[in-house]
Structures are given as C-alpha cells and as structure tokens.
Amino acid sequence: MLGAGLAKGMRETARNFIGSYLEYERLTTVEYPEEKIPAKETARQFPFLVYDGDDPEAGLRCVGCQICEKECPPQCIYIEKSKEKKPDHMGKMQLYPHTFDIDISVCMSCQICVEVCPFEAIKMDTEFEYSTTDRFGGLLADKHMLAKSNEHYNRIHPTEASAVDAKRKNDREVAAAKAKAKEEAAKAEAAKSKTDG
Amino acid sequence: MLENIFVVAKQSVMGFLSGFLPEASLPFISSFLSIAPILGIFPLLFALTTIFERKGLGRIQNRRGPNRVGIPMTDIRIAGFGQFIADGIKSLTKEDIVPSSADKLIHFLAPVALIIPVLLMFSVLPFGKNLVPLDMKNGLLFFFAVGAASELSIFMAGWSSRNKYSLLGAMRAIAQMISYEMPFILSSLVVVMAAGSLSLVDIAEAQTGGIWNWHVFTPWGLLGMILFFIAAMAEANRSPFDLPEGESELVAGYFTEYSGFKFAIFFMAEYLGLFAALSVWITLFFGGWNGPFGQYSLLPSYLWFMLKLVLCIFFIIWIRGTMPRIRMDQLMNFAWKFMLPMCLINLLGAGSGYYIRQTFPQSPLAGWFFEWLVVGTALFWIWLELGDRIAGKALTQKREYRYADQ
Amino acid sequence: MQSAFYILALLTIAGALGAMNFKRLVHCVLSLVVCFAGLAGLYLNLNAQFAGLVQLLVYVGAVAILVVFAMLLTRNAEDAPQNAGSTDWYLGLGVASMVFLILAFAVQGSELGAAETGKLSDPSVKAIGKSLMTTYVLPLEAMALLLTSALIGAVVIAKGPEEGGKP
C-alpha cells in the first residue's frame, strides 16, 4: 500500500525522538568541552618528548641526534645540540637537545619521527586542543611544552609503552651485564697482570 | 472576554486615535493595526521554528541539538533558545555580497518580490473568531493567486545570480511548483464544494460545533487532507520535496548567491509560505480556529489555531527528519500520475458523498455511515490500486539514463 | 479608488512599454509580468474579484512561467542583447491602432460601457459556475475538447518517433 513504508519510517524516527529523552545511552554525542570521550589507544595527534623520572630536563630521553629533524617531511622540527654531555639511562654519556621545537601548525602527524627515533624518545600524543589566539608563536611547541613523562605515555598508549619499557629494561640489563663482564674481565686482567708482574 | 481581547483592543485604540487624528488617515491606521501583529508574530514563529527544527532533528538522530547560546555575558543557557537571536543579528550584520556578473537590479528585487506575496497570503487567513485581516469573498482563490505570484521571484533570483546552481535550482523550483499547483488547488476544491464558499472565514465557520464537523472526518476530506498536505509540502519546497535547494547537489539552489539579510529573507519567505499553507490546511480540514469540543471551547479560538499550527510544525519537522529527498522524475511522476488523478477522483467522491447524505435527511448519522461505507471504500480501493499500479511502479522502477549509459 | 486607478494604469502601461523596449529578453518577460499584475490590480479595483484573481493566478502564475520556460529551453538567453525593435514599426502601429479602434467601438457600443463603474456588482463565483454549466456549457465543452487535443498533440510531438522502429 502506498504510504505504508513512510509510516514505518515515521515510527522509527518517533522512537528515536522520544527515546533520546528517556535513555541516555541512545545519545551518540557528548557535550564536548565539559564532557570528553576518552581517546582511543590508537589515537595519534602530534609528537611529544618522553622523559623518565620526575625532572623533565634530566630525564629527557632525546640525545639530539637530529635524525627526526632530517626525516621530517614538512620540516617542522628544529633541534640545537648541547655542548656538554649527560649520562643516559644506561649510564652512557650523551648529548642532549638544547633547543627542541616543533611547529604544530606545520606538522602533518605522519609519525615518521617516531619511526626513525632510535632512543624511543619521541612519541605521538593524543592531545588535540591546541587552539590559540596567536597562530605563529602559540603553535610553536618548545622543549618544555613537548616534554611529557613516561607515566603519561603509559597512560595514553599502554600496550606500546609497556613494550618500550620492557625493551629499555632489557637494554639496561644487557648493558649492565656487559659492563659487569667487562669489569670482571678488567679485574681478571688486572689480577693476571699482578700475578704476572 | 479573552475571546475578543484583540478585537476590543483594536477598537479602543481606534477610538482613542480618532479623537485627534484626521478622518482620512483612520483606514490606514486600522489596516496597520491588523497587519502589525502578523508581521510580529509569524517572523517570531519562524525564528522559533528554526531552533525547534534543529533541536528536533537532533533528537530524531539521537543527538542533543543546539543547546549553547543563552544570555550573553552570563552562564545561563536557556536550552539554546538564544540561538535564533544570535542568527538574526548575524544575518543582519553580515556583508551583502552581490556577484560581479549578476544582474544587479533583478538580484536586488527578487527577495523583495518574494516576501511581498508571501506576506500577502496571511491577509485572508482567519486566525480566530472575528480575527481575519481581510474577509475576502474569494479568500481561498486569493491565497492561491498570490502564492502563484511568488514562483516568478524564485526564477528572478535564480536567473539574475548568473550561477549554474542557482539557475538549475530555479528551474527545478518552477517545474515543481507549476506541477503541484494543480493538485494544490484541486485538493482544496472538495472543501469549497462542501462549504459552498471560497471565503476561508465561511469555511472555518462551516466546521463549528465539535470535532465531528471537521472536514477531515469525511472520506473525501481525509483524502483531500493528505493530498493537500503533500502538494503544500511541494509548493513550499519542503522536505522531501526540497529539490530546488538540495544542498548536496545544488549548494543552496536558487539562493546560492545571496548572503546576509537577503539570504535571511529567502529563508524566512520559505518558512512563512509554509506557515501560510499549513494555516490553510488547518482551516480547510481541521476546523480552523474551532476547538474540538463544540460549545465548550476551553481556550480562545486564536489559541486553538496557534496550537494546531504548532502541532503541524512539529509534524513537518518530524517528516523532514524521516524522509529522503526524492528524485526529479519521481517528483513529476507522482504529481501527474498519482496526485492529479487522485484529486479529480476525490472531487467525484465529494459529490457522491453529498448526494448520499442528502438521501438521509432525517438521520445524519446514517448518512455519515453510508458515506464512509460507499465513498470511503471506493476512495480507499482507488488509492491502493492507483498507488500500486501507477505511482508505485513509477516510484520504484529503475530510471533509464538515455545518454549517460551509452 | 481614483488614485489607485492611476497608479495601476501607470504601472500597467510602464510594464507594457518595458516589455517592448528592454534589450534583454528576460527583462522583457519580467516587465510583461508587471503589466499582467497591473491588469489584475485594475480588475480588483473594478470590484471584479474573481476575474482579477484568476488573472493573477493564470497570467502571473502560469503564462509568465511558460514564457520563461520557452525562452530558456529553446534558445540561449545569455546571447548578446540584440535590438528587439522591428524595422517596419509603422506596420505595427497601423495594426495596433486598428485593434484599439475596434476595442474602443466595442466598449462604447456595449451597454456595460454606459454603466457607471461603481454600480457594477461583482458576480459571485457560484453565479459564474452556474452560467458556465448551463448557458455556456457548449462553449465550455468545446474549449475542453480543444485543450485536451492540444495536450495530447503536445505529448505526441514531445515524445518524438518511437525508438526501435515500432509504428
């Protein structure tokens, strides 16, 4: 019958209309600034720099190797190396970035910097609310803005972060074992030379 | 007391003014006092409809809809009902852009030429008992004639913009409005036959005395109500017949090249035309300003009218939230192969219904029963047959693209 | 009423003049619509509601649209504006004056011409309908037949020859 399908459709929309007032779960949207949907684990927006411990300066994983700066397709990363060195998590003396800037307005969120970083120092953040009244200075993220703790990384990408942490722990253990072996070898060498001498 | 409050108010204002104003100016003052409330109330209703429509469509799609704009400088949101004021201020203060290749004069005249007939439509509508700005003997004809005059301004808007989308939208609009003009008029004729008058005031008065006297409760009235509503939707370019401004195809149709307040005028004219058509729909089939309980009116007549109008507005928002836009060939098939024959058959039904009732002069109930039995069954059967055989096939058949497929 | 008549008459004549003299075809059509609307206003001013409203409905609502469609679908309306004026205007002048004379004699000769304008009453739609269905039923039916045949003819012409060689 002509019009029967229309009546069926009208019934469906009426059910939605009334249901949206009665059942909160029906609503597919949230009221954004007050209420936010938690970011998905796979969400990626802009890069940030990971640091360990409590001090963003001392714990920064970045060694200023500039690989990401060279690989970045839109050339949005600017790095200045430091003159002096500081020990990294394995106790090795490394340089660190004196300046590390990312121009958020240029970044295209390609994640290539994350792929190429050998030190697990740069990762993708889920933060997206960068709106500012100053479109040049306000969108240029410096080292202090970019540095975020490893706990933050563990919170936004737990699976990936635990894998990274395990790898770094393994690295440290291997390095420690190596150092120990070396030390022992040196000790043995010294003992040998003592006995020899 | 409440029933005649507007009439009494106008008389007292006129009595007060006649004390010191010259005699010759009084007819103008009187007309102004009749026109001003219409110019105030219906644009306000339009503004409220825009926000209700957005909220309603949101709820239909399981969203919240706009609920932010409230009183400025405070945190009070009044559920988003400040939105229409913000929209009004925005469109008033926006830059008015006229395309450099446009026909400037016609481009300017089109919105003016559109809003005048649309506002004129309201002049013959009976909003309540004794509440009609102009009690015209041929009120219904006036409504249709003035409505037909608005078609040309749509063409003016589309042609003068020098834009393909505008012109296509205008051509679609004209083709659609011309096609549905006929069912629009013919479907209302059954009521004219029943009431024996073209005056909308007389038609409304013919339905006094309770809900069972409304024309929608006769078989031809029911069918006429449905046909008139469909034709009115098409005349007002309203979903699902919003092809002239199909935003997914034609940007905004005939008013693509309009901005600022001229755009707002087009927008408003469309809604005001819709309100006028719905008001006529109410007057023809749903008893106009009559309450449903006979002599127990409960509410003043104008409030009954507004209540019915608001219910109609909710109904069309509901329809807009439900139905997809139909295709141009479906539109034409539906107009000429279903609506027009149905309207003509309905005229026959109204005539035979009249004679069936005449044969039972003593008992109106028996007349009513036999009318439904004979005319109602016949019209229902024709609806099914015509709907399935002609319109159903035309609406569902695959379209043949004569040139694109080769 | 007198001033309304002058305004409407001016509007009608201006519209008619514009329809003749504008360079662009669309402007001519729109000007013609002004002329139609002015005529409708004149009818209404003469207390002939039905005639005036039907004039509005048919001429402004339908005939003008028909002209617009014919214009936009048959030739390119965006052509360079051409001079619409004809060279043999004196011939037209002769025809126009003859039509005017015939109309003037007819109006002067009829009894309606002698009646005072204010005294003419508006025939109700009911009365018009009744006389159409009784006194003038034959012309009405003949007209209906003519229009139907014209409609069918238009459909046949528009459809063109059947594809696939079927007769």
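Any value given below was found using the heavy atoms of this structure, including those in side chains, with hydrogens, waters and symmetry copies removed. The sequence lines fix the lettering, A, B, ..., with proteins before strands; numbering per chain opens at 1.
- Proximity to chain C (any heavy atom under 4.5 Å) is restricted, for B:I185, to the side chain, taken from C-beta onward.
- With rounding to the nearest 0.5 Å, the separation of CG in B:L347 from OG in B:S352 is 10.5 Å.
- Remark: the backbone N or O of B:S199 is paired with a side-chain donor or acceptor of B:S197 at under 3.5 angstrom.
- Most heavy-atom pairs under 4.5 Å with chain B, from the set C:L53, C:V68, C:V54: that is C:L53.
- Using a 4.5 Å cut-off between heavy atoms, B:M156 touches chain C through its side chain atoms alone.
- A centroid separation of 6.0 Å or more is found between the aromatic rings of B:F184 and B:Y180.
- Taking chain C as the reference chain and counting heavy-atom pairs below 4.5 Å, the highest number among B:V146, B:D103, B:L105 is found for B:D103.
- Both the backbone and the side chain of B:L141 come within contact range of chain C, each with at least one heavy atom under 4.5 Å from a heavy atom of that chain.
- Within a 6.0 Å sphere centred on CZ of C:F69, other residues, nucleotides and ligands contribute more than 12 heavy atoms.
- For a residue to count as touching a neighbouring chain, one of its non-hydrogen atoms must lie under 4.5 Å from one of that chain's; by this rule B:L198 touches chain C with the side chain only.
- The aromatic rings of B:Y258 and B:H107 sit parallel to each other, their planes meeting at less than 30°, with 60° as the upper class boundary.
- Contact annotation for B:I106: only side-chain heavy atoms (C-beta onward) come within less than 4.5 Å of a heavy atom of chain C.
- In this structure, the ring of B:F155 has its center no less than 6.0 angstrom from the ring center of B:Y254.
- For B:F144, the parts lying under 4.5 angstrom from a heavy atom of chain C are both the backbone and the side chain.
- Interface residues of residues 129-140 of chain C toward chain B, defined by a heavy-atom distance below 4.5 Å: none.
- Residue contact with chain C, scored on non-hydrogen atoms closer than 4.5 Å, is absent for B:A113.
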